[in-house]
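Submitted below is the structure of interest, expressed as structure tokens.
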Amino acid sequence: MKSKIVRNNELFLLEIDGKSVPMYGYMSYQPEKACYEDFKNAGVHLFFTGVYAGDRGINQNSGIRPFRPGFWKGYDRYDFSAVERDFRLILGDSKPGENYLIPRLMVEPPSWWEDANPDELCRDAQGTPVHHSYCSEKWKRDTERMFEAFRDWLEDSGFAPYVSGWHIACGNTEEFLRPAHHPMQYTDYSPCALRAFRRWLKTRYPSAEELNRAWHTAYTSFEDAVFATPAQRMFGSAADGALHDPVWEQQAIDTYAFLNEVNAQAVVDLCSAAKRVTGGNIVIGAFFGYSTAGTEEGHHASHIVLESDAVDFLASPFMYTDNRASGVDWGFPGSVESAMLHGKPWFMEADVRTCLSEPISKCMPYADPVVNRAYDGPVWLGPDTVESSLGQMTKALARVLTHNTAVWWFDMWGGWYDHEEFMKFHRQARELYEAHSASGGSKNAAPAAVFLDDAFFNRISPIEGYAWMYHELAKKLGHTGTPYRLFLLDDLERIDPADYRLALFGPVAEWTLPKLNALQNWKADGRMLVFLDALNTDVSVSGGGKSVENGLERLPGDAQIAVDVAGRTTALLRRHADYSVYCTAERAPSSDLLRRLILAAGGQIYAFGGEIVYASEKHVAVHAASDGVKRICVPCKAKLTDVFTGEILPGNESFADVEMKKGQTLLLEIKQ
């Protein structure tokens, strides 16, 4: 089999042996309870499943137990019998070319490997081992040997003609998250990480003297350098302890920069190994790019992965906003949009709970942690009714369609979609997605571009405040009544300002000359530039007023929007002839304010009552945040048609009024 990713206008397709296959799939952790045949009957032909090299559960924090026996039994010793059983359950009597598999290959090594390689383990500051280290070259070499055995087994067993790609998984929850047994465990202080850190420092500093000046140390050589301590990482000296000051705390900043790069490089190295082993004939991807995650998660060097030819696709679940509640947006945890700029599709893992979802203790007791109740909390519970469940499923589908992402429906413990109404939805959703893919997708209609600087996270201490600011911002943006697109600041030069009315910038580590030049292109055509957290970021380059000790610098004619209790200006609007700048000390302004700023810039608002809205040139979707009549506005004279029922909403040329229940989602086609 040969497979590759091909672009079709606004989205991507999977081309398998010359045949175009929509990137729309299905997966479950428990094949025995999954609905494979139902999804095949619904027209789905792409399937994912977990394959485990190791012998422990996927989540170090929760203590979850293994889903399946690990196949890596010793050096050059393997047992793929459990993998074979799952593959046969999924494929059934399928013939090659009818249905396709992408195994999620979890490469965490087994206990025996760690016992045999104590110097290759990740360790906390006390020396406690926490699985393997991402810095271990031996782990990477041994994993490549394991890849070769897996490839040989696929060929010998006859499954190779079904396997159209590999999804490489590693780290906590399989998502390349930095390993830790509890939230306050700081890693990686292992000898192999320290050796790699010292090599890395030599590429950053021309001499030990330069390192000493930056760190305020007195090392005689790079071999004396060590990681920042947990105390240095935990507490910064700026912004009430939330930020590390680059003048006095460069050691902590370098520690995080290194650890983030190590995480990203591990993704590239493993995917490169998989490419070598498979001859480059099939697509290889990984979970990565969660740039909205906290400092300790390790996903803040995404450019390394985006620029690598070894990684064909990325993947993630939606954000777990308010425990996946109804009436709120489930944002993307990373820049889907930047990935697409770099030619990489992003699989959204649609692990949408339903009224059929049950705790793992009931449906998979062999994997339940037993003692703790980590999997009984609200995040694992679905809505109470079929109707509410369909509202959540439609919301997820709408975000996927309007942002032109790939998707697999993740029936996590099995049986979540085992209902006639749910499978009716999946038949229609698959048809809609397939037609959408064949037509080349539809350009996203977001009037706002949001820019996130990965490098700034190296300055953030892992405490409340900055660490999760983008989660709070995403929640606020979700209630503005219009969509937004999230980009990495590294890609500012790649983006055409003509597509947007507003650009919103989070805190920036450094405004380099190329970024400053790119920023100038946005200062035209009446656009609005918004700078968050202006008191901790130099925004003088924006023309918006720099940070000063007494607040934002206010010039004559500036509109003072907000002051603090001491009377300092904390938000101002500066109006230029052809653009405006809004600066605020807030990290996540209210939805109402964000909506007003988008309107002030001439952006389209589709709903005004706090509803969650997704929109492209072809579709608009509204997810109700409350009961009541909703007015849905579009930027043209059009008819709004329900894509599932064909009903045309009653309205008056450019808007329609409709009564909705909280959690209900309408996915509408805009017909002019």
Side-chain angles (χ1 to χ4, degrees), residues 1-27 43-49 51 87 90-91 94-105 107 144 147-148 150-152 154-155 159-169 267-289 302 304-316 335-349 400 403-408 430 433-441 494:
M1 178 180 290
K2 291 188 177 182
S3 66
K4 62 181 180 180
I5 303 293
V6 295
R7 183 143 201 165
N8 185 21
N9 294 327
E10 296 293 328
L11 47 64
F12 297 91
L13 294 165
L14 182 59
E15 187 176 289
I16 305 174
D17 290 336
K19 176 183 176 182
S20 292
V21 177
M23 299 183 75
Y24 186 100
Y26 172 73
M27 177 177 174
V44 176
H45 300 289
L46 185 62
F47 298 95
F48 298 76
T49 191
V51 174
F87 280 18
I90 296 165
L91 292 170
S94 302
K95 295 180 174 57
E98 292 180 348
N99 293 298
Y100 305 100
L101 270 176
I102 296 183
R104 181 190 295 183
L105 186 53
V107 300
E144 185 164 355
F147 283 167
E148 292 171 350
F150 182 61
R151 174 206 60 199
D152 293 344
L154 287 173
E155 294 174 355
F159 287 115
Y162 298 91
V163 175
S164 58
W166 290 6
H167 178 186
I168 307 301
V267 175
V268 171
D269 290 347
L270 291 173
C271 288
S272 296
K275 283 283 186 185
R276 288 192 294 270
V277 168
T278 60
N281 288 323
I282 58 175
V283 298
I284 307 294
F287 287 119
F288 203 73
S302 294
I304 292 174
V305 174
L306 293 180
E307 293 167 5
S308 171
D309 292 336
V311 185
D312 296 313
F313 66 85
L314 297 178
S316 76
S335 181
V336 167
E337 322 293 354
S338 280
M340 295 179 75
L341 287 175
H342 288 266
K344 300 184 192 303
W346 193 300
F347 269 104
M348 292 313 303
E349 181 174 80
V400 163
H403 285 268
N404 298 294
T405 74
V407 64
W408 70 71
R430 193 275 309 164
Y433 188 91
E434 190 166 326
H436 180 71
S437 297
S439 66
R494 295 170 171 260

Query - Pairwise side-chain contact, Val6 with Lys4, heavy-atom cut-off 4.5 Å (strictly under) - result: yes

Requested in this report: Would you indicate whether Asp309, at its atom CG, is surrounded by more than 12 heavy atoms from other residues, nucleotides or ligands within a distance under 6.0 Å?
Outcome: no

**Report entry** Interatomic distance, Leu101 atom CG to Met27 atom CE [nearest 0.5 angstrom]
**Finding:** 11.0 Å

Report task. Would you please classify the geometry between the Phe313 ring and the His167 ring as parallel, tilted or perpendicular, with 30° and 60° separating the classes? Result -> perpendicular

Query raised in the report: Is any side-chain heavy atom of Tyr100 less than 4.5 Å from a side-chain heavy atom of Lys19?
Result: yes

**Report entry** Ser308 OG to Lys344 NZ distance, which is reported to the nearest 0.5 Å
**Finding:** 6.0 Å

Report summary line: Nearest heavy-atom contact between Cys271 and Ile168 is SG-CG1, 4.3 Å

Requested in this report: Please round to the nearest 0.5 Å and tell me the distance separating atom OH of Tyr26 and atom OG1 of Thr49.
Outcome: 10.5 Å

Query raised in the report: Ignoring hydrogens and geometry, is there a side-chain-to-backbone donor-acceptor pair from Asn281 to Lys2 under 3.5 Å?
Result: no

Query - Check: Val311 and Ile284 side chains under 4.5 Å, non-hydrogen atoms - result: no

Report task. Give me the ring orientation class for Phe347 and Trp408: parallel if the planes are under 30° apart, tilted from 30 to 60°, perpendicular past 60°. Result -> tilted

**Report entry** Min side-chain heavy-atom separation Tyr162-Pro96 under 4.5 Å
**Finding:** yes

Query raised in the report: Do the non-hydrogen side-chain atoms of Arg276 and Phe147 ever get within less than 4.5 Å of each other?
Result: no

Query - Any Ser164 side-chain heavy atom under 4.5 Å of Ile282 side chain - result: no

Query raised in the report: Mind checking whether Met348 and His403 have side chains closer than 4.5 Å, heavy atoms only?
Result: no

Query - Val277 vs Phe150 side-chain heavy atoms within contact, under 4.5 Å - result: no

Query raised in the report: Quick check: does any side chain N or O of Asp17 sit under 3.5 Å from a backbone N or O of Gly97, one acting as donor and the other as acceptor?
Result: no

